[in-house]
Amino acid sequence: MIVRIEAGSPTPPYEQLRSQLARQIVDRSLAVGTRLPTVRRLAADLGLAVNTVARSYRELEEAGLVETRGRAGTFVSAAGERSRERAREAAERYATTVRGLGLDPAEALHIVDAALHASTQQSIETGRT
Amino acid sequence: MNDQERVTGWLRRHRVRDLELTPLVVARVAVRDRYERAKMGTYLALLAVLGVAWVIDGSLTGWSLPEETPATSVLAISLGFLMLGGVTGMVFWLQRRADQRVAQGLRQRVSRSQATTLATILGGRNLRIMLVVHGGGILIGAACAALATTTAGRMLGLAFAAGAIMCSGVVTWVVADVVCRPVVADDEPSLRADELLRRMDAGDVLFPYPMVLAAVAVTNSGAGSALTWAFLGYAAAALVVWAHTTWPAAPAGVGPGARA
């Protein structure tokens with residue numbers, strides 16, 4: 001699996017890296033226990049600052065997708081496998097709420113779509129500041 | 001000579017067929033071709049300088065070569081390898097700087113999202129063979145130095161061990177530099193090319209130099225002695241395992257699911 005950083009993209013490099021790694025972990029392209037490149041190595045390979053890569057790794061760790069094992073490096077966490085399950089549970093709770101409110105399913109999906117879009121935008125804005 | 005001609009010539013010389021020629025790969029191969037020519041030129045210049053020094057042999061400088069013994073022959077060859085390794089390392093360093101200049105103009109950079117190790121880049125089997133050949137050379141030299149019954153034998157063992165350590169040191173230094181250098185790639189084909197070039201560079205220096213030292217020791221130590229048989233056995237064993245390596249086109253297994 002590869003990660004790609006575009007210099008001219010409006011998305012900040014740390015977010016490009018974080019989102020690609022997160023996607024690969026969630027869709028299991030990166031298996032549990034896979035060791036990620038070191039921060040310095042990836043920064044050199046992608047022409048990024050060390051802090052940029054470190055920030056991506058930190059956010060992935062906060063999301064429970066990777067774990068740092070001291071000097072051994074950063075590994076794809078088993079918690080990453082559970083993230084789908086957590087998302088499914090949250091979706092079930094949302095579906096129950098929507099049903100209770102009597103909302104149309106199509107409208108409920110639009111609300112989710114808008115919320116996801118807003119969340120992504122917020123993440124990008126945070127990266128710029 | 002333009003870049004395309006350089007690249008065509010380089011690919012033909014190295015018998016590389018499965019390289020997708022993106023603009024980045026063409027630029028990198030052209031750089032490589034230029035530095036390989038510079039390396040060969042430097043080797044020839046060094047040989048010429050050594051040849052002249054040999055001919056003059058201190059008649060002008062007052063310096064003279066030490067009396068030739070098996071130990072000095074082995075040490076002289078080791079120093080020669082050290083010098084060649086130094087030149088190769090320096091050329092790789094210059095090549096790496098040129099690659100970095102090419103990389104600065106890229107609008108997009110790619111890399112593997114999983115860690116690569118020495119074994120995944122070089123091939124675990126090849127790496128183990130090199131460890132056995134180089135480690136074995138040092139051990140044989142040390143054992144001969146410890147067990148030899150004559151001063152000349154001990155000196156030869158020590159010289160061989162010192163030579164094997166020098167060769168292993170320079171190989172480790174150059175290979176570490178090759179493996180640790182940053183990736184220069186802007187898409188998947190150029191990433192694969194980067195990995196192939198890396199393997200080829202490592203293959204250039206991962207030669208069993210102690211095997212040559214053993215051959216020199218055998219020809220100089222006198223037929224029939226225990227030392228001769230020890231060095232001959234080592235050289236033969238090293239040759240056999242070396243024949244089973246597959247540089248530089250080893251399926252190094254870089255990439256997803258790679259196993260050393």
Side-chain angles (χ1 to χ4, degrees), chain A residues 1-50 52-53 56-57 59-60 65-77 80, chain B residues 20 22-25 27-28 92-93 95-121 124 175-198 252-260:
Chain A
M1 292 304 297
I2 63 170
V3 281
R4 187 185 311 267
I5 298 295
E6 286 178 42
S9 168
T11 309
Y14 96 88
E15 176 55 25
Q16 291 184 47
L17 180 60
R18 189 205 63 77
S19 61
Q20 288 178 64
L21 288 174
R23 193 165 51 244
Q24 289 172 15
I25 292 168
V26 169
D27 70 16
R28 296 170 189 170
S29 310
L30 284 176
V32 171
T34 303
R35 189 158 68 91
L36 299 186
T38 62
V39 169
R40 282 182 187 281
R41 179 69 206 242
L42 200 54
D45 285 353
L46 296 172
L48 300 174
V50 171
T52 304
V53 178
S56 299
Y57 276 26
E59 296 206 357
L60 288 168
L65 295 174
V66 300
E67 59 184 346
T68 305
R69 299 179 196 162
R71 294 180 65 85
T74 306
F75 294 81
V76 174
S77 161
Chain B
E20 197 172 325
T22 66
L24 174 61
V25 174
R28 291 194 66 194
F92 279 171
W93 180 72
Q95 194 173 280
R96 176 175 166 169
R97 282 168 58 98
D99 277 346
Q100 289 304 312
R101 282 195 292 276
V102 171
Q104 279 171 0
L106 298 177
R107 295 191 52 74
Q108 178 175 283
R109 300 281 294 267
V110 304
S111 180
R112 296 271 171 212
S113 52
Q114 58 211 114
T116 48
T117 62
L118 202 62
T120 55
I121 291 172
V175 168
D177 185 63
V178 167
V179 169
C180 294
R181 72 186 178 204
V183 167
V184 178
D186 60 353
D187 54 15
E188 201 152 0
S190 62
L191 183 59
R192 281 197 297 272
D194 182 271
E195 288 160 355
L196 176 68
L197 295 176
R198 202 180 289 268
V254 175
R259 291 289 179 270

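Note that the structure is a prediction, hence the values are computed from the model and not measured. Heavy atoms only: backbone and side chains are in, while hydrogens, waters and symmetry mates are out. Throughout, protein chains are lettered first and strands after them, A, B, ... in sequence-line order, and every chain is numbered starting at 1.
Taking 4.5 Å as the heavy-atom cut-off, the residues of residues 179-189 of chain B that approach chain A are B:Val179, B:Cys180, B:Arg181, B:Pro182, B:Val183, B:Asp186, B:Asp187, B:Glu188, ordered by number.
For a residue to count as touching a neighbouring chain, one of its non-hydrogen atoms must lie under 4.5 Å from one of that chain's; by this rule A:Glu6 touches chain B with backbone and side chain alike. Proximity to chain B involves both the backbone and the side chain of A:Leu36, based on heavy atoms less than 4.5 angstrom apart. The part of A:Leu42 that comes within reach of chain B is its side chain, from C-beta onward, which places non-hydrogen atoms under 4.5 angstrom from that chain.
A:Arg69 meets the side-chain contact (heavy atoms from CB on, under 4.5 Å) test with A:Glu67, A:Ala72, A:Phe75; sequence neighbours excluded. The side-chain contact (heavy atoms from CB on, under 4.5 Å) search around B:Arg97 returns B:Trp93, B:Arg101, not counting sequence neighbours. A search for side-chain contact (heavy atoms from CB on, under 4.5 Å) contacts involving A:Ala43 returns A:Val50, A:Val53, not counting sequence neighbours.
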Legend entry - salt bridge (Lys or Arg N to Asp or Glu O under 4.0 Å) evaluation trace for A:Asp45 with B:Arg112: CA-CA 9 Å; A:Asp45 285 353; B:Arg112 296 271 171 212; over 6 Å; no
Legend entry - salt bridge (Lys or Arg N to Asp or Glu O under 4.0 Å) between A:Arg18 and A:Glu15, intermediate numbers included: CA-CA 5 Å; A:Arg18 189 205 63 77; A:Glu15 176 55 25; 2.8 Å; yes
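A 4.5 Å side-chain heavy-atom check between B:Glu195 and B:Thr116 finds every atom pair outside the cut-off.
Of the possible polar contacts, none joining the B:Gln108 side chain to the A:Arg4 backbone as a donor-acceptor pair under 3.5 Å is found. A:Thr68 places no side-chain N or O within donor-acceptor distance of the main-chain N or O of A:Thr74, the cut-off being under 3.5 Å.
The residue among A:Gly73, A:Ala7, A:Ser9 with the most heavy atom pairs within less than 4.5 Å of chain B is A:Ala7.
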